[in-house]
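Following: one structure in C-alpha cells, then a few remarks.
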Amino acid sequence: MGEAPSQTGNRAKHVAIIMDGNGRWAKRKHLPRAMGHKRGVEAVRALIRSVEPMGLDCLTLYAFSSENWKRPEDEVDDLMDLMRKFIKSDLPEFIANDVRLKIIGDWQGLAPDIVKSLEDALEKTSGGSRTLAVALNYGSQQEIARAAAKAAAIGEVTEASITAHLDTNDLPPLDLLIRTSGEVRLSNFLLWQCAYAEMLFVDTLWPDFTPEHLQTALDDFAIRERRFGGR
Ligand code: IPE
Ligand code: IPE
Ligand code: MG
C-alpha cells in the first residue's frame with residue numbers, strides 16, 4: 001500500500017491562472033462564443049471574492065494575450081467590451097474587498113477609453129492589501145525582452161535586475177500556476193516567473209471554475225514537496 005502524502009502545509013501566496021475554455025464551454029452548450037466569455041467574467045467575479053478568505057496575497061489572471069489579437073475582429077470587440085463593463089461594474093467590489101488592482105502586459109496599447117478607466121481603477125484601488133493582477137495584452141517573451149532592455153540600459157544584465165524590471169516586480173514570487181480546459185501549455189504566460197512555480201492543469205472549462213476548484217488546487221499545492229533544486 002502506498003504511503004499517504006505527507007502534509008507539508010505549503011501556503012500559496014501567489015496563484016496565477018490561465019483562464020481557458022470559454023469557447024468550448026459555449027460550443028458544448030450550443031451558445032455563441034460571446035456567452036462563454038460572459039460566463040467567464042462571472043467566474044472571475046466569484047473568484048475575486050475568495051482571494052481574502054483563501055489567504056492569497058495575489059491572484060494573477062490571464063485575460064487577454066498579445067496573441068489574442070489574431071482572433072476574428074468581432075470576438076476581440078466582444079472581449080474588449082466585456083473588459084470595459086467589468087472595470088466599471090466591479091470597481092466598487094474591488095474597493096469593498098480590499099483588492100488592489102494591478103495590470104501586467106502592454107495595456108497602454110489598448111483603446112484609449114479602456115486605458116483611462118484602468119488608470120482610474122488603479123488609482124482608486126491603490127490602497128488595497130491584496131492584489132488582483134490582470135494580464136492584458138500580455139506576452140511573457142515581450143515582457144522579458146522589455147525587462148532585459150531596461151536592465152541593459154543601466155548596464156546590469158543580471159537575473160536580479162531582469163526580475164526587478166518585469167511587470168510583476170512588485171508581486172510575490174509565483175507559487176502555483178493553474179490552467180483550465182485541459183490544455184497543457186503556457187501560451188506565453190509568466191515564462192520567467194514559472195521557473196519554480198508548481199503547475200496544475202485541470203480539465204474544467206473556465207466558466208465552470210469555482211472558488212471550490214481553487215480551494216482544491218490550494219489543497220493539492222499544500223502537500224507538494226517543493227525542492228528548488230535542493231534535496
Ligand atoms: C479563454 O477562452 C479566453 C481568452 C483566451 C480570452 P477561449 O476563448 O480561448 O476558449 P477556447 O480555448 O476556445 O475553448
Ligand atoms: C491563453 O489562452 C490566453 C488566455 C487565457 C487569455 P489561448 O486560448 O489564447 O491559448 P492557445 O491559443 O490555446 O495557446
Ligand atoms: Mg483557448
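Counting starts at 1 for both ligands and their atoms, following the listed order. Model, not experiment: these values are computed from the prediction.
- Remark: aromatic rings of F64 and Y138 are distant, center separation not under 6.0 Å.
- Inspection of the W192 and S140 side chains reveals no N or O donor paired with an N or O acceptor under 3.5 Å.
- At a cut-off of 3.5 Å, with distance as the only test, no side-chain donor of S126 or R100 sits close to an acceptor on the other residue.
- Salt-bridge annotation for D78 and R33: absent, with no side-chain N of the basic residue lying under 4.0 Å from a carboxylate O of the acidic one.
- The residues R84 and D81 are annotated as salt-bridged, a charged nitrogen and a carboxylate oxygen being separated by less than 4.0 angstrom.
- Between R224 and D220, at least one side-chain nitrogen of the basic residue sits less than 4.0 Å from a carboxylate oxygen of the acidic one, meeting the salt-bridge criterion.
- Those atoms of ligand 1 that come under 4.0 Å of a heavy atom in H37, given as number and element, are 3 (C), 8 (O).
- The number of protein N/O/S atoms found under 2.8 Å from the Mg ion (ligand 3) is 1.
- A salt bridge does not link E75 with K70: every distance from a Lys NZ or Arg NE/NH1/NH2 to an Asp or Glu carboxylate oxygen is 4.0 Å or more.
- Ion pairing of R146 with D167 is present here, as a side-chain N (NZ or NE/NH1/NH2) and a carboxylate O approach within less than 4.0 Å.
- Residues lining ligand 2 at a heavy-atom distance below 4.0 Å are given as I18, M19, D20, Y62, A63, F64, N68, R71, R179, R185, S187, ordered by chain and residue number.
- At a heavy-atom distance under 4.0 Å, only side-chain atoms of R33, from C-beta outward, approach ligand 1.
- Between E42 and R39 there is a salt bridge, with a side-chain nitrogen of the basic residue lying less than 4.0 Å from a carboxylate oxygen of the acidic one.
- Looking at S187 and E67, their side chains never bring a donor and an acceptor atom within 3.5 Å of each other.
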